[in-house]
Amino acid sequence: QRARAAQAPHRGGEDEEGHGIGGRLSLADLNSWHDGPTKSAIVDFVARVSTPGADYVEPEARIAVFDNDGTLWVEKPAYVQLDFLVRRLAEQAAADPSLQGKQPYLAAASGDLAWFADAVTKHYNGDDSMLKVLMGSILSAYQGLTVEQHAERVRAFFDDARHPSLDRSYTACGYAPMVELLRYLEAHGFTTYIASGGGRDFMRPVTAQMYGIPPERVIGSSVGLDFADGHLLTTARPEFLNDGPVKAVRIWGRTGRRPIFAAGNSNGDIEMLQFTDATPGPSMSMLVLHDDTEREFAYTEGAERALDLAAECDWVVASMRDEWVSVFPVPGA
């Protein structure tokens, strides 16, 4: 049974959280979403799994997983973490002239973010030629720091950096409707996790502030760590690239559960969505569609296969343009 298979109001008494309205959860609880198919699908799905009945799911099994880049926060014109890394690569190039003619240092020093974006887009389309060039430099960019020192550099970046075209701090670039969805699910017994291709230790210093998700519920890509004299030190050894099939593997490894709700926005999220979709009981898989040129960006590059599968598998596709009242938090709200 899938989320779109139950559009009719759920009937019965109050659910276990005490929400009445004929046993159906209130649409008003998702105020940043326009009334429409996605909002109704979310409400009906949550009502079915949290209200005693045929589709009831025990709270400990209500696991929800969210991609981060392009799903919880903005990913254009380049990933937020890429800005953090490009600044470091430019610093290294400035300190070592022998690096200045090599990629990705050349692109970093010249501010050519398009080179980096192209590398990621090609990766999502099955071509890792540029990504291999990029990864070696990225892995060694912060080698030798303690995990606490790395976290401090991340916090300093977020204190100062702003999105290049949206004129807002990166911490204000989280999507208001998705943060609201996190709270909505949690209010009805779900445990929420981030499962992202982004760096685990890049996200952890800010996920509690931005999303209310603590570090222990952040699953991401990582480098190996060494233990020395009571400290954990970053290395240049790759540990996990938390993307594609690895997302499903690591969600299981970290939670011991198959999610019943998943949200993503790209080809790298396909296996996570499929893993959720194959749950024996009720589940909901959702894609965020970037189609809002006025308030954010409009693109499908790197999401073509995911969107095709959404149509085949009856996954929910949430249009930013049509279904979100606002994209970003309103200052002072």
Side-chain angles (χ1 to χ4, degrees), residues 30-34 38 66-90 104 107-108 110-121 124 138 153-183 194 196-199 202-213 218 220 263-266 268-269 286-303 306 317-333:
L30 294 170
N31 295 319
S32 295
W33 295 75
H34 288 297
T38 298
F66 289 74
D67 172 55
N68 188 43
D69 294 300
T71 301
L72 292 179
W73 73 17
V74 68
E75 66 178 0
K76 294 292 183 181
Y79 293 108
V80 178
Q81 185 172 1
L82 189 57
D83 189 356
F84 175 67
L85 291 165
V86 164
R87 294 174 190 226
R88 175 59 177 159
L89 297 177
S110 62
D112 181 13
L113 294 181
W115 186 92
F116 296 93
D118 192 29
V120 175
T121 298
Y124 282 131
I138 286 178
R153 293 204 182 193
V154 171
R155 292 189 189 98
F157 167 79
F158 278 103
D159 283 344
D160 296 332
R162 297 182 68 81
H163 189 278
S165 62
L166 295 174
D167 192 30
R168 56 175 54 232
S169 67
Y170 279 126
T171 53
C173 286
Y175 300 136
M178 297 302 288
V179 175
E180 189 175 75
L181 177 55
L182 289 169
R183 299 289 83 75
I194 293 175
S196 174
F202 177 73
M203 294 181 286
R204 280 178 169 176
V206 294
T207 57
Q209 171 191 349
M210 292 185 66
Y211 311 132
I213 294 181
V218 176
N265 78 300
S266 76
D269 300 315
M286 185 177 85
L287 279 175
V288 173
L289 176 61
H290 294 265
D291 58 355
D292 195 326
T293 56
E294 296 297 320
R295 300 181 298 176
E296 206 239 14
F297 304 97
Y299 59 94
T300 57
E301 295 86 357
V317 177
S319 163
M320 280 189 167
R321 180 191 61 208
D322 299 334
E323 301 193 84
W324 288 7
V325 175
S326 60
V327 173
F328 301 111
V330 178

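In what follows, every heavy atom counts, from backbone to side chain, and hydrogens, waters and symmetry copies are set aside.
Looking only at side-chain heavy atoms (C-beta outward), Val288 and Met320 come within less than 4.5 Å of each other. Under the 4.5 Å side-chain criterion, counting only non-hydrogen atoms from C-beta, Phe66 is in contact with Met178. Tyr170 is not listed as a side-chain neighbour of Arg162, based on a closest heavy-atom distance of 4.5 Å or more. Residues Val179 and Met210 fail the side-chain proximity criterion, which asks for heavy atoms closer than 4.5 Å. The side-chain heavy atoms of Pro329 and Arg168, taken from C-beta on, include a pair separated by under 4.5 Å. Residues Tyr211 and Val206 are not in side-chain contact: their nearest non-hydrogen atoms beyond the backbone lie 4.5 Å or more apart. The side-chain heavy atoms of Leu72 and Leu182, taken from C-beta on, include a pair separated by under 4.5 Å. Contact check for Leu181 versus Met286: side-chain heavy atoms found under the 4.5 Å cut-off.
For Trp73, the side-chain hydrogen bond (donor to acceptor under 3.5 Å, both in side chains) criterion is met by Asp69, not counting sequence neighbours. Every residue two or more places apart in sequence or in another chain that forms a side-chain contact (heavy atoms from CB on, under 4.5 Å) with Thr300 is listed here: Leu289, Leu307. For Glu75, the side-chain hydrogen bond (donor to acceptor under 3.5 Å, both in side chains) partners are Asn265, Tyr299, not counting sequence neighbours. Not counting sequence neighbours, the partners of Thr171 by the side-chain hydrogen bond (donor to acceptor under 3.5 Å, both in side chains) test are Ser169. Thr121 pairs by the side-chain hydrogen bond (donor to acceptor under 3.5 Å, both in side chains) definition with nothing, not counting sequence neighbours.
Nearest heavy atoms, Thr71 versus Ala263: CG2-O, 3.7 Å. Here the closest heavy-atom approach between residue Val218 and residue Ile213 is recorded as CG2-CG2, 4.3 Å. Between Leu287 and Ala306, the shortest heavy-atom contact is CD1-O, 3.4 Å. Closest approach of Tyr175 and His290 over heavy atoms only: OH-CE1, 3.3 Å. For the residue pair Phe328 and Cys173, the shortest heavy atom distance occurs at CE2-O, 3.5 Å. When all heavy atoms of Asp292 and Arg295 are compared, the pair lying nearest together is OD2-NE, 2.7 Å.
Less than 6.0 angstrom separates the ring centroid of Phe158 from the ring centroid of Phe202.
Around atom CG of Asp167, no more than 12 heavy atoms belonging to other residues, nucleotides or ligands sit under 6.0 Å away.
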Using residues 112-120 as the side-chain source, report each donor-acceptor pair under 3.5 Å to any protein atom, sequence neighbours left out, with the distance given to one decimal.
| residue | atom | partner | partner atom | Å |
| --- | --- | --- | --- | --- |
| Asp112 | OD1 | Ala114 | N | 3.4 |
| Asp112 | OD1 | Trp115 | N | 3.4 |

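Glu180 contributes a side-chain N or O that, together with a main-chain N or O of Ser32, makes up a donor-acceptor pair within less than 3.5 Å.
A salt bridge is defined here as a Lys NZ or Arg NE, NH1 or NH2 lying under 4.0 Å from an Asp or Glu carboxylate O, and Asp83 with Arg87 meets this definition.
Rounded to the nearest 0.5 Å, atoms CG (Leu89) and CD1 (Ile138) are 6.5 Å apart. Separating the CZ atom in Arg321 from the CD atom in Glu296 is a distance of 13.0 Å, to the nearest 0.5 Å. The distance from the CG atom of Asp322 to the OG1 atom of Thr38 is 9.5 Å, given to the nearest 0.5 Å.
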